[in-house]
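Here's the structure, in structure tokens; my notes come after.
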Amino acid sequence: MSWDRFQKYFLDLPELGFALDVSRTGLDDAFLAKMAGKAKRAFSAMKKLEKGAVANPDEGRMVGHYWLRNPKVVPRGHKTIADGIRKAQKDIASFAKDVHSGKVAGQGGKFTDVLVIGIGGSALGPQFVSRALGSVKTDKMAVHFFDNTDPAGMAAVLDELDGRLGNTLSVVISKSGGTPETRNGMLVAKAAYEKAGLSFAKHAVAVTGVDSKMDKQAVAEGWLTRFPMWDWVGGRTSETGPVGLVPAALQGLDTAALLGGAAKMDEATRLADPLKNPAMLLALAWYCETGGKGKKDMVVLPYKDGLELFSKYLQQLIMESLGKEKDLAGKVVNQGISVYGNKGSTDQHAYVQQLREGVPNFFATFIEVLEEGGAGVEVEPGVTSGDYLQGFLLGTRAALAEKGRNSLTITVRKVDAFTVGTLIALYERAVGFYATLVGINAYHQPGVEAGKKAAAGILAAKLKIQALLATEKAGLTAEEISGKIALNDPELASKLLESLAANPAKKVLKVPGTTLAETKYLSA
Ligand code: PA5
């Protein structure tokens with residue numbers, strides 16, 4: 001790697017405590033020249049988006065996450081939006097203050113814990129930020145999450161809160177207000193509060209779309225308060241809205257600095273010059289590495305424990321935004337970039353072996369944090385474990401380059417609220433640019449909706465099987481049951497029966513046959 005090439009493709013933004021090095025990707029002047037037209041169109045589309053154009057055509061929605069950290073850029077004619085953002089931020093700060101002071105309290109007294117209930121874009125951002133910025137020493141409240149419909153997972157979280165539910169504030173987050181996993185989490189939490197002789201409503205807060213099912217429930221049941229989710233903010237780009245700010249403010253994190261970092265990065269990523277705009281440079285590097293067709297996976301390796309969940313957060317932001325069957329013209333393109341990663345140097349002892357020597361189907365993103373943190377203990381004369389961390393990052397990067405495996409490197413000064421804000425804004429913008437470069441809608445998620453519909457059909461079939469077997473004494477095979485309820489899918493019937501039989505509360509008895517086809521099921 002030449003020093004000249006490094007300098008040419010190294011973008012340093014000291015005022016942001018941020019730098020991006022794409023010199024170890026395939027990007028060069030010829031590629032930039034080839035992409036100039038596409039980049040110009042992406043800049044122009046982004047400008048229109050920020051000015052309020054309907055940038056999510058399928059859902060007929062504006063896309064306004066950039067307004068969340070600077071209401072001054074809300075387009076003319078939408079004063080109510082700017083006012084709504086400011087009011088929500090003020091309300092969140094004042095609610096958190098009242099919770100911290102004990103003015104708003106639970107039935108057990110001052111709130112000490114927060115239980116966030118949400119999934120996807122309504123959980124991953126809050127989880128990432130909570131982990132990146134939280135500290136047992138300074139946090140005002142301990143934050144816990146229900147982010148799935150797994151009863152065992154939720155029971156484990158409730159065990160952590162055992163005896164403290166009267167001091168636990170539940171924050172239920174769902175833009176649509178109808179996501180099954182979140183509804184289930186809320187009902188499981190409600191049952192736990194009731195079992196402890198407590199009222200759920202007196203410990204519950206909603207973050208949801210105005211007039212959504214959950215919003216109406218919160219009003220009807222008299223929950224403590226509600227914060228809005230607006231239709232012009234997508235789930236995976238909602239971290240700088242009430243979705244992210246409510247949990248962060250309750251935890252006691254510096255939400256003003258988070259918003260400030262995002263706003264500063266927004267300014268930097270509005271520059272219509274690919275070599276000076278970190279988000280466009282990132283999007284172009286992705287395009288260069290993947291051929292604009294997802295040919296290579298993106299491996300995200302932050303060398304800092306606090307950023308561990310960034311890879312998971314990015315996985316959703318990038319894959320749910322870019323993983324699309326059709327382009328904007330309706331042509332089948334099957335777009336996307338696969339994203340995975342965890343943290344360095346831990347991953348060097350997991351899959352980095354394959355990255356260096358195995359199938360060359362990826363490009364890496366190294367995230368370097370300059371400030372070591374910790375106690376500065378010397379593990380060898382003059383050497384801290386932070387020196388080792390940097391050594392491993394640079395060593396691995398060089399080892400990959402030696403074998404012709406490309407990478408890009410993001411360097412930040414430290415992991416604080418400002419920096420986390422810059423990283424969120426950087427990737428939100430890069431995803432938006434990349435989507436325009438490849439001609440897709442980044443802001444809808446038809447695949448997620450399809451999964452929700454399929455699950456509803458399966459649950460209905462399971463209920464039919466339970467009803468059928470409630471009076472069944474002789475026993476029926478999966479094939480017979482499938483026929484009787486007109487499912488016409490013995491394999492699915494068999495899967496559902498095995499689950500029913502494994503859970504005594506479902507009252508289904510399994511009589512094993514010599515083969516699965518001969519196995520019978522009846523009322524227990
Ligand atoms: O990013 C998205 O849009 C999704 O991941 C949603 O956040 C997720 O499906 C949860 O939706 P909701 O907030 O409506 O419960």
Side-chain angles (χ1 to χ4, degrees), residues 9 20-27 31 35 120-121 124 128 236 278-304 307-327 332-368 392-393 395-410 423-424 426-440 442 445 447-448:
Y9 298 117
L20 171 64
D21 168 17
V22 295
S23 66
R24 287 162 190 260
T25 67
L27 188 139
F31 174 78
M35 294 299 287
L124 287 154
F128 158 51
R236 53 197 171 275
M280 180 54 89
L281 199 52
L282 199 54
L284 288 169
W286 295 352
Y287 195 111
C288 181
E289 288 303 311
T290 64
K293 292 194 166 75
K295 279 189 202 148
K296 284 189 177 170
D297 300 345
M298 181 190 305
V299 182
V300 182
L301 282 164
Y303 275 64
K304 192 52 84 182
L307 295 179
E308 184 176 2
L309 294 183
F310 193 44
S311 324
K312 208 172 158 192
Y313 167 80
L314 289 183
Q315 187 174 59
Q316 191 231 8
L317 175 66
I318 296 171
M319 294 181 74
E320 204 166 285
S321 302
L322 303 181
K324 300 292 156 70
E325 182 182 27
K326 293 180 181 159
D327 67 9
V332 173
V333 287
N334 298 117
Q335 267 294 352
I337 302 178
S338 299
V339 180
Y340 63 93
N342 175 38
K343 66 176 180 183
S345 68
T346 311
D347 290 3
Q348 287 181 216
H349 303 267
Y351 55 79
V352 172
Q353 164 66 30
Q354 175 170 321
L355 298 191
R356 182 156 194 267
E357 297 183 358
V359 52
N361 61 351
F362 72 93
F363 67 100
T365 301
F366 289 97
I367 303 181
E368 178 190 30
F392 285 132
L393 185 158
T396 302
R397 200 174 71 140
L400 291 181
E402 236 171 58
K403 295 278 181 182
R405 280 124 213 261
N406 291 351
S407 67
L408 52 93
T409 305
I410 287 173
L423 289 174
I424 289 170
L426 170 77
Y427 274 88
E428 284 179 352
R429 186 86 71 174
V431 163
F433 281 145
Y434 186 87
T436 314
L437 294 178
V438 301
I440 56 156
Q445 52 285 326
V448 180

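In this text the structure is predicted, and so the values were computed from the model without any measurement. Values below: all heavy atoms of this structure, side chains included; hydrogens, waters and symmetry mates excluded. Numbers here simply count residues along the sequence, with the first being 1.
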Discussion item. If the condition is side-chain hydrogen bond (donor to acceptor under 3.5 Å, both in side chains), which residues does Thr25 pass it with, not counting sequence neighbours?
Written reply: none
Response to the item:
Shortest non-hydrogen pair, Ala285 vs Val22, comes out as CB-CG1, 4.0 Å
Item to complete: List in chain and number order the residues that pass side-chain hydrogen bond (donor to acceptor under 3.5 Å, both in side chains) with Gln354, two or more places apart in sequence or in another chain; answer none if no residue qualifies.
Response: none
Response to the item:
Residues at least two apart in sequence or cross-chain that pass side-chain hydrogen bond (donor to acceptor under 3.5 Å, both in side chains) with Tyr351, listed by chain then number, are Asp347
Discussion item. Distance check, rounded to the nearest 0.5 Å: Lys304 atom NZ versus Glu368 atom CD?
Written reply: 10.0 Å
Worksheet entry | Any Leu307 side-chain heavy atom under 4.5 Å of Phe128 side chain | yes
Side-chain donor/acceptor pairs under 3.5 Å, residues 399-406, sequence neighbours excluded:
unit_1	atom_1	unit_2	atom_2	d
Glu402	OE1	Arg356	NH2	2.7
Arg405	NE	Arg356	O	3.3
Arg405	NE	Lys403	O	3.2
Arg405	NH1	Leu355	O	2.7
Arg405	NH1	Arg356	O	3.3
Arg405	NH1	Gly358	O	2.9
Arg405	NH2	Gly358	O	3.1
Asn406	ND2	Glu289	OE1	3.3
Asn406	ND2	Glu289	OE2	2.9

Worksheet entry | Point-to-point distance, once rounded to the nearest 0.5 Å, from CE of Met35 to OH of Tyr287 | 4.5 Å
Worksheet item: Between Ile440 and Ser321, which heavy-atom pair has the shortest distance, and what is it?
Response: CD1-O, 3.9 Å
Practice prompt. For Ser407 and Ala364, indicate whether the former's side chain and the latter's backbone hold a donor-acceptor pair under 3.5 Å.
Written response: no
Practice prompt. Considering non-hydrogen atoms only, spot the tightest contact between Phe310 and Leu423 and give its length.
Written response: CZ-CB, 3.8 Å
Discussion item. Under the rule for side-chain hydrogen bond (donor to acceptor under 3.5 Å, both in side chains), what residues qualify as partners of Thr409, not counting sequence neighbours?
Written reply: Arg397
Discussion item. Holding to salt bridge (charged side-chain N to carboxylate O under 4.0 Å, His left out), I want the full list of residues that pass it with Glu357, two or more places apart in sequence or in another chain.
Written reply: none
Worksheet entry | Sub-4.5 Å side-chain heavy-atom contact between Phe31 and Leu284 | yes
Worksheet entry | Pair Phe366-Leu408, side chain to side chain contact (heavy atoms under 4.5 Å, CB included): steps then yes or no | CA-CA 6 Å; Phe366 289 97; Leu408 52 93; over 6 Å; no
